[in-house]
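For reference, the structure discussed in these notes is given below.
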Protein chains: 2
Amino acid sequence: MRTFIAAADAGQFQEAAADLSVTQQAVSKRIATLERDLGVRLFTRTARGVQLTIDGQAFLPHARGLLRAEERAAASVRPGRRALRVDVISRRVAPAALLRDFHRAHPDTELDVVTLFDADAAFAAVQSGMIDVSFRAVTVPASQLPDGVRTARVLDEPHQLLTGPRHELAAAHAVTLAQLVGHRIWIPGIAPGTEWATYYDDLAAAFGLTIDAIGPNFGTDHLLDVLADSSTLASLIGQQTRFLWPDYYDLRRVPLHDPTPVYPHSLIWHHENPHPVLATFRDHFRSRSTGLERPDAGTWSPKWASRQATP
Amino acid sequence: MRTFIAAADAGQFQEAAADLSVTQQAVSKRIATLERDLGVRLFTRTARGVQLTIDGQAFLPHARGLLRAEERAAASVRPGRRALRVDVISRRVAPAALLRDFHRAHPDTELDVVTLFDADAAFAAVQSGMIDVSFRAVTVPASQLPDGVRTARVLDEPHQLLTGPRHELAAAHAVTLAQLVGHRIWIPGIAPGTEWATYYDDLAAAFGLTIDAIGPNFGTDHLLDVLADSSTLASLIGQQTRFLWPDYYDLRRVPLHDPTPVYPHSLIWHHENPHPVLATFRDHFRSRSTGLERPDAGTWSPKWASRQATP
DNA sequence: GCGAGCCACAACCGCACGTTGTGCGAATAG
DNA sequence: CTATTCGCACAACGTGCGGTTGTGGCTCGC
């Protein structure tokens, strides 16, 4: 690719070869094999050099794009001045949507999204600088956080009931938490000890629900498959969580109220982290999260959630 | 890259090696050299396979992007179902802006923009299917077009005078063509025999202007440099043509009137071209170009331009 | 018509990359 | 606690890819 671009820029193989510190014959060979692999002629050879064919012209910007992509890939792991590295608990839940929102507002900033095993790993990674910011629920009080780590509540995500069409509550316009008592709720794929498991454990304990928050995870497809067929099993899903399922599954989202359980997402960062984008990032979410410290009357969140301040 | 992605997906080198039809040792070596080149560890080795590090997680989407870019690059020259290939007379003038407009309206369609030597080459390329559509001024009547080739006028681009700050006409709010008589107009970088040269020749002949449409082309920078310093030399520039020049050049755009010379851009395509995007493309510009067949009273365009129909 | 400039083909060669063979550590079963 | 399995890393080795040198042919300009 580099050879192709150099030759296209120079208009001749000799000069390109000099730029690349190889012989003209090597450039000729490289272009020949590239043309053979692609199955088209990229240059027309003339007596005074070479000229791009139409195919070559069409190919050139893609070749440049490839080198840019390579550069970005290398930059993503380069220590110092890499893209802002963000940890989210899952790529499907609300924080991922917030990230897309941020990206729309700041299209020039580069983000790398990763997912760590649990909150402890996230705290350690934030403190060490391996990641710059994390979206998590924070279950421990500020006094027990690692040194220099700050948190701020940025989003309360209401939960809804997710059922198949034959479920008893499928047709309800809204359901209270009390109505869920006795129904089996299944939320697989959540590792024990994570803040997700804590949240659902606390929710189940507070209202006497039956929530299987942990258990074998055969993938989202399997969960949806079982829900679609079951008349007794339901699941909980964040209001902004995007699952894609086929229409014929006919799954239903039923709002919860009295109270509505909300999941408290916080921003986690190190206050000495010098990354230039971090301040922009925090400002962006600070402007979108006011009043979260005062619990809404109609909602429920765990006790540990109310100990977190907003930015 | 492929090896890295395969290993990340499989979670172990053995299986990745099987997928790639190489030995486990080869995969191990490839990953090791990739890690050495990048200077970071991408996997943590465990007794039951490997797991991505944070750096590995951040790197993974970039690696996938690199392969997608490679795929797009190869597709750009693959005969059959490649991106719509569009020829423009220059990447700086109005059609390029129209293309960006189309791309905004249809973000999913892929475009490859190329620039052919002259209109004859464009006609031949359109007829042979090497390119799908061309933006050009058409100087020949429809009866003399190659078989199956259709044209449609889509944009009239008004021209302006471009001068340096010390030029006699620099401070004028507007200038008539009659006022330009006797002034030297210099438009380098236009090959003789092209439709551009024809246009400026006709313009000069119609109003008795002095236009050097051809001549040595030392690049845009040189033209701007000369204009900025000269009190006698000016150039013509399309109203929508985007040149970037430093502020201290202090160049002026002076509108022309009585009449305003407009450059007639046409769409050129082959009516049997089966490319799926071509219809969308023509529809897009058809809706944006009404009434061009009736010449505006205050404008001038060459005689051959009025022979072209709108889509 | 001749030299200059540039690309393609041929022959040669070194090293990078894949192979086979082996060792080691961790997890699992008995 | 030991035996076995599983998966990765290191070492030695050979082949082929990709570089080099050498040369010929084509076109353009003086």
Side-chain angles (χ1 to χ4, degrees), chain A residues 1-57 59-60 63 66-67 70 74 117 121 191-193 216, chain B residues 1-57 59-60 63 66-67 70 74 117 191-193 216-217:
Chain A
M1 285 302 172
R2 252 178 270 280
T3 306
F4 168 71
I5 292 172
D9 288 343
Q12 58 177 41
F13 288 180
Q14 299 262 41
E15 197 181 323
D19 292 346
L20 300 168
S21 307
V22 293
T23 60
Q24 166 265 317
Q25 289 85 336
V27 172
S28 181
K29 257 195 188 181
R30 288 180 184 177
I31 300 296
T33 51
L34 182 60
E35 287 177 330
R36 186 173 48 73
D37 292 344
L38 292 174
V40 296
R41 212 147 176 73
L42 296 172
F43 291 100
T44 54
R45 277 73 167 170
T46 73
R48 286 281 174 264
V50 294
Q51 202 177 6
L52 283 172
T53 62
I54 301 173
D55 286 316
Q57 284 193 45
F59 189 70
L60 181 57
L66 203 57
L67 289 201
E70 187 211 16
F117 176 69
Chain B
M1 285 302 172
R2 251 177 270 280
T3 305
F4 169 70
I5 291 172
D9 288 342
Q12 58 177 42
F13 288 179
Q14 298 262 45
E15 198 181 322
D19 292 346
L20 300 168
S21 307
V22 293
T23 60
Q24 166 265 316
Q25 288 86 335
V27 172
S28 180
K29 258 195 188 180
R30 288 180 183 177
I31 300 296
T33 50
L34 181 59
E35 287 177 331
R36 185 175 48 75
D37 292 345
L38 293 173
V40 296
R41 211 146 176 74
L42 296 172
F43 292 101
T44 55
R45 277 72 167 170
T46 72
R48 286 280 173 265
V50 294
Q51 204 178 5
L52 283 172
T53 62
I54 301 173
D55 285 316
Q57 285 193 45
F59 189 71
L60 181 57
L66 202 58
L67 289 202
E70 187 211 15
F117 176 71
N217 179 19

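Per chain, numbering begins at 1; letters A, B, ... match sequence-line order.
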Review point. Within the structure shown, what part of the strands sits under 4.0 Å from B:R45 by heavy-atom distance: base, sugar-phosphate, or nothing?
Key: sugar-phosphate
Practice item. Could you identify which residues of residues 28-44 of chain B place a heavy atom less than 4.0 Å from some atom of DNA chain C, listed by residue number, or say none? Key: B:K29, B:R30
Point to revise | A:Q14 CD - C:dG5 P separation (whole Å) | key: 10 Å
**Study point:** Atom of A:G49, atom of A:Q12 and distance for their closest heavy-atom approach
**Key:** CA-CB, 4.0 Å
Review point. Under 30°, 30 to 60°, or over 60°: which ring-plane class applies to B:F13 and B:F43, parallel, tilted or perpendicular?
Key: perpendicular
Check your understanding: Can you tell me if CD on A:Q24 sees more than 12 non-hydrogen neighbours from other groups inside 6.0 Å?
Key -> yes
Check your understanding: side-chain contact (heavy atoms from CB on, under 4.5 Å) with A:E70: which residues, sequence neighbours excluded?
Key -> A:R2, A:L67, B:L66
Review point. Taking only residues two or more places apart in sequence, or in another chain, which ones meet A:D19 in a salt bridge (Lys or Arg N to Asp or Glu O under 4.0 Å)?
Key: none
Point to revise | Nearest heavy atoms of B:A16 and B:A10, plus distance in Å | key: N-CB, 4.0 Å
Check your understanding: Do you know the tightest heavy-atom contact between A:V50 and A:A7?
Key -> CG2-O, 4.4 Å
Exercise for review: Starting from P on C:dA26, measure out to CD on B:Q51 and report it in whole angstrom.
Suggested key: 16 Å
Review point. Can you list, by residue number, the residues of residues 15-26 of chain B that have a non-hydrogen atom closer than 4.0 angstrom to DNA chain C?
Key: B:V22, B:T23, B:Q25, B:A26
Revision key, fill the gap. Here the side chain to side chain donor-acceptor pair (under 3.5 Å) pairs for residues 38-50 of chain B, sequence neighbours left out, are B:E35-B:R45
Check your understanding: Between residues 1-12 of chain A and DNA chain C, which residues have a heavy-atom gap below 4.0 Å?
Key -> A:Q12
Exercise for review: Kindly indicate whether the side chain of A:L38, heavy atoms from C-beta on, has any atom under 4.5 Å from the side chain of A:F4.
Suggested key: no
Check your understanding: If you take all heavy atoms of B:V22 and B:V27, which pair is closest and at what distance?
Key -> CG2-CG2, 3.9 Å
